[in-house]
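Working notes for the structure below.
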Amino acid sequence: MAYNPFDLTGKVALITGGNGGIGLGMADAIAQAGGDICIWGTNETKNAAAVEKLKAHGTRVSSLLCNVADEKEVQDCFAETLSQFGRVDGCFANAGVSSGKKSFLDIDDAEWHRVLNINLDGVFYTFQAATKHMVERAENGDPGGRLIGTASLAAISGAARNEHYAATKGGVISMIRALAVEFAGKGITANAILPGWIETAMTENAIAWQKFSDAVKPRIPARRWGQPEDFGGMAVYLMSDASAYHTGDTMLIDGGYFLF
């Protein structure tokens, strides 16, 4: 039999924030590889558009409205995901928000907690629901599962005026490493993806600012902004059987920016 580890037929991926940007780039590649997709997002119009795009690849696709900062919503949506698909093989905790470029001295309590609630609490709630399901499957003779968190280059570099965002993304990496160790025996892997400067709705204002673009783009050895589709290959790999022994890692996807 030919080696074909990247065929995701029969596998189900849950992707929070999968209705646009990096999340949709990952979902599109997984669907092309044969995987079924459940998208969680907070914008019904974007959810519906993403579902229509992904259905063109011939796999099962659905979406749910979910605010990952709300623990009960996460639990209810995970139960509904299982009701629709029967299982979740890969959970991509990708939903997140950025923040205005205030000085650290001007970040107030409300803004601090807004960013933490979505970017860190949301990852915790999502991963906890997914891990419980994966452990239960393993204990019933069906081991294996993939936990993938979207962190950021900000987690490992000095993100001035973005300390709250950086703190959440550093927390995601630490959570991933702990999950990798605790649940390896159940066949569950946990890895983090660290995007650099990617052209999405979240970064459009920065990238459109000429002064910023002139300063940052020349520092990217690839000489371009990253695109959502640049994350497709990594998403398929991490969902696939090929990554079964690869866990606790941080995959930096930044066109060489951090090295330069």
Apart from F85 itself, what residues make up its hydrophobic cluster, given side-chain heavy atom links below 4.5 Å? V12
List, by chain and number, the other hydrophobic cluster members for F260, where Ile, Leu, Val, Met, Phe, Trp and Tyr join if side-chain heavy atoms come within less than 4.5 Å, directly or indirectly. none
Check: L14 and W40 side chains under 4.5 Å, non-hydrogen atoms: yes
Answer yes if I198 and M26 sit in the same cluster of Ile, Leu, Val, Met, Phe, Trp and Tyr residues linked by side chain heavy atoms under 4.5 Å apart, and no otherwise. yes
Taken in chain and number order and not counting sequence neighbours, the residues that satisfy salt bridge (Lys or Arg N to Asp or Glu O under 4.0 Å) with D36 are R60
Quick one: OG1 on T203 to CD1 on I22, what's the gap to the nearest 0.5 Å? 8.0 Å
Is there a path of hydrophobic side-chain contacts, each under 4.5 Å between heavy atoms of I/L/V/M/F/W/Y residues, joining I193 to I15? yes
Using only heavy-atom distances, determine whether the side chains of D214 and Q210 contain a donor-acceptor pair under 3.5 Å. yes
Salt bridge (charged side-chain N to carboxylate O under 4.0 Å, His left out): which pairs involve residues 186-196, sequence neighbours left out? E139-K186
With sequence neighbours left out, which residue pairs that include part of residues 153-163 fulfil the side chain to side chain donor-acceptor pair (under 3.5 Å) condition? none
Taking every non-hydrogen atom, the tightest pair across A192 and I176: N-CG2, 3.8 Å
Mind checking salt bridge (Lys or Arg N to Asp or Glu O under 4.0 Å) for D76 and listing every partner two or more places apart, or none if nothing turns up? K72
How many angstroms lie between atom OH of Y125 and atom CD of Q75, to the nearest 0.5 angstrom? 9.5 Å
Once salt bridge (Lys or Arg N to Asp or Glu O under 4.0 Å) is applied, do any residues pair with R177, and if so which ones, sequence neighbours excluded? none
Taken to the nearest 0.5 Å, the spacing of Q32 CD from F6 CZ works out to 15.0 Å
Ignoring hydrogens and geometry, is there a side-chain-to-backbone donor-acceptor pair from T59 to G35 under 3.5 Å? yes
Partner residues of F78 under the ring-ring contact (aromatic ring centres under 6.0 Å, His included) criterion, sequence neighbours left out: H133
Between D28 and G25 (side chain of the first, backbone of the second, donor and acceptor by atom type, cut-off under 3.5 Å), is there such a pair? no
Could you check if a side-chain atom of W197 sits within less than 4.5 angstrom of a side-chain atom of F212, using non-hydrogen atoms only? yes
If we only count heavy atoms from C-beta on, is the I220 to R224 side-chain gap below 4.5 Å? no
Going through the distances and angles, do K46 and I39 end up as a side chain to side chain contact (heavy atoms under 4.5 Å, CB included)? CA-CA 10 Å; K46 288 180 64 178; I39 285 171; over 6 Å; no
Please check if F127 and F92 belong to a single hydrophobic cluster, counting links between Ile, Leu, Val, Met, Phe, Trp and Tyr side chain heavy atoms closer than 4.5 Å. no
Selection residues 243-260 - residue pairs positive for side chain to side chain donor-acceptor pair (under 3.5 Å), sequence neighbours left out: R146-S243, R219-Y257, Y237-H246, H246-D249
At their closest point, which heavy atom of G17 faces which heavy atom of A95, and how far apart are they? N-CB, 3.8 Å
Show, in sequence, the C-alpha distance, side-chain angles and deciding distance for C66 and V74, and conclude whether the side chain to side chain contact (heavy atoms under 4.5 Å, CB included) test is met. CA-CA 7 Å; C66 186; V74 169; 4.2 Å; yes
Nearest heavy-atom neighbours spanning G255 and P221: O-CD, 3.4 Å
Would you please name every residue forming a ring-ring contact (aromatic ring centres under 6.0 Å, His included) with F258, sequence neighbours left out? none
Quick check: does any side chain N or O of T168 sit under 3.5 Å from a backbone N or O of Y165, one acting as donor and the other as acceptor? yes
Are I148 and L8 connected in the hydrophobic side-chain network, where two residues link if heavy atoms are under 4.5 Å apart? yes
Run K169 and I173 through side chain to side chain contact (heavy atoms under 4.5 Å, CB included) and show every step you take. CA-CA 7 Å; K169 297 306 184 177; I173 292 174; over 6 Å; no
Any pair with a residue in residues 104-113 that passes side chain to side chain donor-acceptor pair (under 3.5 Å), sequence neighbours left out, goes on the list, sorted by first then second residue, please. S99-E111, D109-H113, E111-R114
Measuring from atom CD1 of I30 to atom CZ of F231, what distance do you get when rounded to the nearest 0.5 angstrom? 13.0 Å
Indicate yes or no: at least one non-hydrogen side-chain atom of I253 is less than 4.5 angstrom from one of P195. no
Is a side-chain N or O of N119 found less than 3.5 angstrom from the main chain of V97, in a donor-acceptor match? yes
Within the 4.5 Å heavy-atom criterion, are I118 and V115 side-chain neighbours or not? no
Can a donor-acceptor pair be found, under 3.5 Å and without considering hydrogens, that links the side chain of S63 to the backbone of A48? no
If we ignore hydrogens and angles and just use 3.5 Å, is the side chain of T131 paired with the main-chain N or O of Q128 as donor and acceptor? no
Can you name the ring-ring contact (aromatic ring centres under 6.0 Å, His included) partners of H57, sequence neighbours left out? none
Atom CD of E44 and atom CG of L64: how far apart are they, to the nearest 0.5 Å? 11.0 Å
Nearest 0.5 Å please: distance from the CE atom of M239 over to the NZ atom of K11. 6.5 Å
Side chain T16, main chain N94, donor-acceptor under 3.5 Å: yes
Under a 4.5 Å cut-off applied to non-hydrogen side-chain atoms, are L82 and V88 in contact? yes
Say whether L153 and W225 are linked into one hydrophobic cluster, either directly or through other cluster members, by side-chain heavy-atom distances under 4.5 angstrom. yes
For the residue pair L24 and L54, establish whether any side-chain heavy-atom pair is separated by less than 4.5 Å. yes
Identify the heavy atoms of N19 and N43 that sit nearest to each other, and give their distance. ND2-O, 3.8 Å
Can you name the closest pair of heavy atoms from C77 and L65 and give their distance? SG-O, 3.5 Å
Over all atoms of both residues, closest heavy-atom pair of A155 and G170: CB-N, 3.5 Å
Are I207 and S213 packed together at the side-chain level, in the sense that at least one heavy-atom pair is separated by less than 4.5 angstrom? no
Around Q84, counting heavy atoms of other residues, nucleotides and ligands shown, do more than 12 lie under 6.0 Å from its CD? yes
